[in-house]
Amino acid sequence: MSKLLVRPGDPDQNGRILQITPESAGWKYIGFEVYKLSPGQKLEQQTLDQEVCLVLVSGCATVSTGDQVWENIGARMDVFEKIPPYAVYIPNDSQYVVEATTELELAVCKAPGFGNHKARLIEPDPDKKCSTRGQGSNTRFIQDILPDWDESADSLLVVEVYTPAGNWSSYPPHKHSVDNLPQESFLEETYYHRLNPSQGFSFQRVYNDDRSLDETMSVEDRNVVMVPEGYHPVGAPHGYDLYYLNVMAGPKRVWKFHNDPDHEWMLKS
């Protein structure tokens, strides 16, 4: 059984279907949860020492924190509409309430917070935050939510990626496992996978240079792959489009990766 693959369960009393904590993952920085809420259902949480990015994966909600209220935000009813999401940033030492106004799939991304930023709505910005990466069967489509060039967070980096059927992503294989800037940064990472059609699967390999870590996983809809270190390419089989939501965090909020030298040649071809 994989130590890196986390599968969803039935919703608990709060609607939570997935939970990863630093303790359960055996790492230091990232917490990640997914909730499925019905219209009118509320989620109330305190952030404690964590900053939080609430990503409306699909559906609409009213989000409030302190004296701020964002009414009925959200535009995409299905993640495979492939339009950018609404999200909300909440700092540490706060509390928030999310009330679903439609069926809602909500991702709660957590990492250490230091009180340097205020709560805010993160609206879709296709002109600034959407891009295409790669070429040919390595083409994928990026939707940044909290990128490292946006300094309005203490630890969190959050991004969505769409990988068309038959294509590869996070490829050529790269890693961010060493705190050795400017050459490479250390970032833990989670991948929350969604498949279209939902009965599909994707493949993800996580491995390091000496192969003391080397796992290849068949990943189904709403599974999470944890990447504590190492290279982590993803493949989408023919017939199944892949979406994943990435959360990254580490000692420095910088995404600087190192390509696997065995496969870097293809960038020059």
Side-chain angles (χ1 to χ4, degrees), residues 2-8 16 18-34 47-55 57 87 89-92 107-114 116-117 142 144-161 169-171 173-193 202 204-217 219 222-234 243-260:
S2 172
K3 296 181 180 179
L4 303 180
L5 186 66
V6 181
R7 296 181 172 89
R16 186 173 61 200
L18 272 165
Q19 182 182 34
I20 293 168
T21 66
E23 293 74 22
S24 69
W27 58 26
K28 185 175 180 181
Y29 296 98
I30 294 175
F32 182 73
E33 300 171 352
V34 177
T47 61
L48 304 176
D49 61 350
Q50 306 289 294
E51 64 178 3
V52 170
C53 182
L54 305 171
V55 180
V57 178
Y89 174 84
I90 310 287
N92 57 290
V108 180
C109 315
K110 303 180 180 182
F114 308 109
N116 294 319
H117 306 281
I142 314 302
D144 284 311
I145 300 170
L146 273 180
D148 60 352
W149 46 262
D150 176 352
E151 298 182 358
S152 300
D154 291 325
S155 299
L156 280 169
L157 297 163
V158 184
V159 62
E160 297 182 321
V161 179
S169 199
S170 296
Y171 194 82
H174 69 262
K175 70 180 179 75
H176 33 77
S177 304
V178 181
D179 185 9
N180 184 33
L181 288 169
Q183 285 73 35
E184 184 178 350
S185 57
F186 175 82
L187 295 169
E188 301 164 352
E189 187 168 18
T190 55
Y191 278 68
Y192 177 55
H193 289 239
S202 57
Q204 185 156 19
R205 184 184 181 195
V206 180
Y207 67 99
N208 57 17
D209 287 304
D210 65 10
R211 303 304 193 266
S212 59
L213 173 64
D214 192 355
E215 286 198 29
T216 301
M217 292 155 276
V219 188
R222 292 193 168 94
N223 287 185
V224 174
V225 173
M226 301 184 296
V227 183
E229 62 167 308
Y231 309 100
H232 39 276
V234 182
Y243 159 95
Y244 55 81
L245 175 65
N246 279 144
V247 182
M248 293 182 282
K252 300 180 182 69
R253 192 173 177 268
V254 178
W255 183 53
K256 182 68 174 179
F257 60 85
H258 170 76
N259 290 316
D260 185 337

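Quick note: residue numbers are just sequence positions, from 1. This one's a predicted model, so the numbers in the text were calculated from it and none came from an experiment.
- With sequence neighbours excluded, the residues forming a side-chain contact (heavy atoms from CB on, under 4.5 Å) with R205 are Y207, R211, D214, T216, P233, listed by chain and number.
- The backbone N or O of L146 lies less than 3.5 Å from no partner atom in the side chain of D144, so there is not a single donor-acceptor pair.
- Checked options V234, N223, L4, V219; the residue passing with Y191 is V234 (criterion: side chain to side chain contact (heavy atoms under 4.5 Å, CB included)).
- With no hydrogens or angles considered, no side-chain donor-acceptor pair links Q204 and H232 at under 3.5 Å.
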Report the C-alpha distance between E160 and N246 in whole Å, list the side-chain angles of each, state the deciding distance to 0.1 Å, and finish with yes or no for side chain to side chain donor-acceptor pair (under 3.5 Å).
-> CA-CA 6 Å; E160 297 182 321; N246 279 144; over 6 Å; no
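- Checking side-chain atoms of H176 against main-chain N and O of S185 turns up no donor-acceptor pair under 3.5 Å.
- Every residue two or more places apart in sequence or in another chain that forms a side-chain hydrogen bond (donor to acceptor under 3.5 Å, both in side chains) with Y89 is listed here: E51.
- Salt bridge present: D179 and K252 bring a charged side-chain N and a carboxylate O closer than 4.0 Å.
- Listed for the D260 side chain is no donor-acceptor partner under 3.5 Å among the backbone atoms of P173.
- With contacts defined as side-chain heavy-atom distances shorter than 4.5 Å, the pair E229/L213 qualifies.
- With contacts defined as side-chain heavy-atom distances shorter than 4.5 Å, the pair F32/V224 qualifies.
- Looking at E184, its side chain does come within 3.5 Å of a backbone N or O of S177 through a donor-acceptor pair.
- Between Y192 and Y244, a ring centre-to-centre spacing not shorter than 6.0 Å is recorded.
- No side-chain heavy atom of S155 sits under 4.5 Å from any side-chain heavy atom of Y29.
- Judged by distance alone, with hydrogens and angles left aside, the side-chain atoms of E188 form a donor-acceptor pair with the main-chain N or O of I30 at under 3.5 Å.
- At least one side-chain heavy atom of H117 sits less than 4.5 Å from a side-chain heavy atom of D154.
- Between L181 and V254, the closest side-chain pair of non-hydrogen atoms falls below 4.5 Å.
- At least one donor-acceptor pair under 3.5 Å links the side chain of R253 to the backbone N or O of P147.
- For A25, the side-chain contact (heavy atoms from CB on, under 4.5 Å) partners two or more places apart in sequence, or in a different chain, are I20, W27, M226.
- One finds the SG atom of C109 at 7.0 Å from the CD1 atom of I145 (value rounded to the nearest 0.5 Å).
- With a 4.5 Å cut-off on side-chain heavy atoms, K110 and E33 count as touching.
- A salt bridge between K3 and E215 is absent, with no side-chain N of the basic residue lying under 4.0 Å from a carboxylate O of the acidic one.
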Can you list the steps and then say if Y231 with D209 is a side chain to side chain donor-acceptor pair (under 3.5 Å)?
-> CA-CA 8 Å; Y231 309 100; D209 287 304; 2.8 Å; yes
